[in-house]
Amino acid sequence: MPELPEVETTRRGIAPHIVGSCVTELRVHNPALRWPVPAELPAWVAGQPLHSVARRAKYLLFNFERGSALLHLGMSGSLRLADPASPRRTHDHLEWQFANGALLRYHDPRRFGCCLWSEGAHPQLAALGPEPLGDEFDGERLWQRSRRRTVAVKPFIMDNATVVGVGNIYATEALFNAGIRPDRAAGTISRARYQRLAEEIKRVLAAAIEQGGTTLRDFVNGNGESGYFAQQLSAYGRGGEPCPGCGALLSELRLGQRSTVFCKRCQR
DNA sequence: CTTTCAGCCTGACGGC
DNA sequence: TGCCGTCAGGCTGAAA
């Protein structure tokens, strides 16, 4: 399940192999992603080398001279450089062939992702809040934007208008580390505690990206998914297990239709 | 405006 | 063994 750190790891893994080369062929084996994937490469991409692979929130942007492709990995997507001789797997929906021989395969069993081309701005990016690891995001912003809000703090920090890229795993972890109950109304949390929460969001995401970096070599070789960060999670996926802080059993509830784990003693 | 929620989709897993 | 129900979750768009 690609969260921001996995998307960033993907970006770093593939970019050096394809930047500077042209897409010579696009093969769409199954166009039925979140939005239909265009069957043809847009005419304006022809002969244009890829300038850069950027990331905004959990989106990847493949920037060309005249426009860009916007990719999202959804819940179950992955993007990898493949050996052209290796057979296409089930759910390998898209293939991009580059002039330098690189072959990029998009794999997504649940098909929640997307691949959209645009010469101009992508509307999906229009209303996004700041990047969590940038200077624009801090506790002050969380505090300011949360005043008079009744929504629970967990869905508040998972809202892309507040800050982007904080998915269920890292929201759960950051709230645990900051000692804040996930169901507390966003508007009732102090400035000082939001300061702490912002720091924990940054810390947990940065640590996960660092871990992702170690899977980079596997990635390029196409050796498989890698278990990355899971062993280091304190709360996510551990409902009913002892709290790593106090030993009490971790509680579970659903917030905004998402499973949430927290410690009733350590989080207030 | 804010908040909530259905729906998209497949694979994993538990119960029978 | 296989079938059926449930769950997982990011994001959009619509309803309340």
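Order of the sequence lines sets the chain letters (A, B, ...), proteins ahead of strands, with each chain counted from 1.
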Inset, instruction - To the nearest 10°, let me know how far the axis at one end of the helix from B:dT2-C:dA16 to B:dC16-C:dG2 is tilted from the axis at the other, five pairs an end. - result: 50°
Name the nucleic acid region contacted by [X], choosing base, sugar-phosphate or nothing; use a 4.0 angstrom heavy-atom cut-off, strictly under.
X        : answer
A:Asp108 : nothing
A:Arg149 : sugar-phosphate
A:Tyr59  : sugar-phosphate
A:Arg258 : base
A:Ser76  : nothing

Find every protein N or O atom lying less than 3.5 Å from an N or O atom of nucleotides 13-16 of chain C, and list the pairs.
none

Legend entry - Residue pairs passing the salt bridge (Lys or Arg N to Asp or Glu O under 4.0 Å) test where at least one lies in residues 92-101 of chain A, sequence neighbours excluded: A:Arg27-A:Glu95, A:Arg89-A:Asp92, A:Glu95-A:Arg105
Per-pair distances, 0.1 Å, donor-acceptor, side chain in residues 111-123 of chain A, under 3.5 Å, sequence neighbours excluded:
unit_1   : atom_1 : unit_2   : atom_2 : d
A:Arg111 : NE     : A:Ala32  : O      : 2.7
A:Ser118 : OG     : A:Gly120 : N      : 3.0
A:Ser118 : OG     : A:Gly120 : O      : 3.1
A:Glu119 : OE1    : A:Arg66  : NH2    : 3.0
A:His122 : NE2    : A:Ser68  : O      : 3.3
A:His122 : NE2    : A:Ser68  : OG     : 2.8

Legend entry - Between A:Glu140 and A:Gln144, a side-chain donor and acceptor under 3.5 Å: yes
Legend entry - Residue list, salt bridge (Lys or Arg N to Asp or Glu O under 4.0 Å) with A:Arg184, at least two apart or on another chain: none
Enumerate, atom names and distances included, each donor-acceptor pair closer than 3.5 Å involving a side-chain atom of residues 259-267 of chain A, sequence neighbours excluded.
unit_1   : atom_1 : unit_2   : atom_2 : d
A:Thr260 : OG1    : A:Lys154 : NZ     : 2.8
A:Thr260 : OG1    : A:Arg258 : O      : 3.1
A:Gln267 : OE1    : A:Cys263 : N      : 2.8
A:Gln267 : NE2    : A:Leu175 : O      : 3.2
A:Gln267 : NE2    : A:Ile180 : O      : 2.9

Legend entry - Sub-6.0 Å ring centroid separation between A:Trp96 and A:Phe62: yes
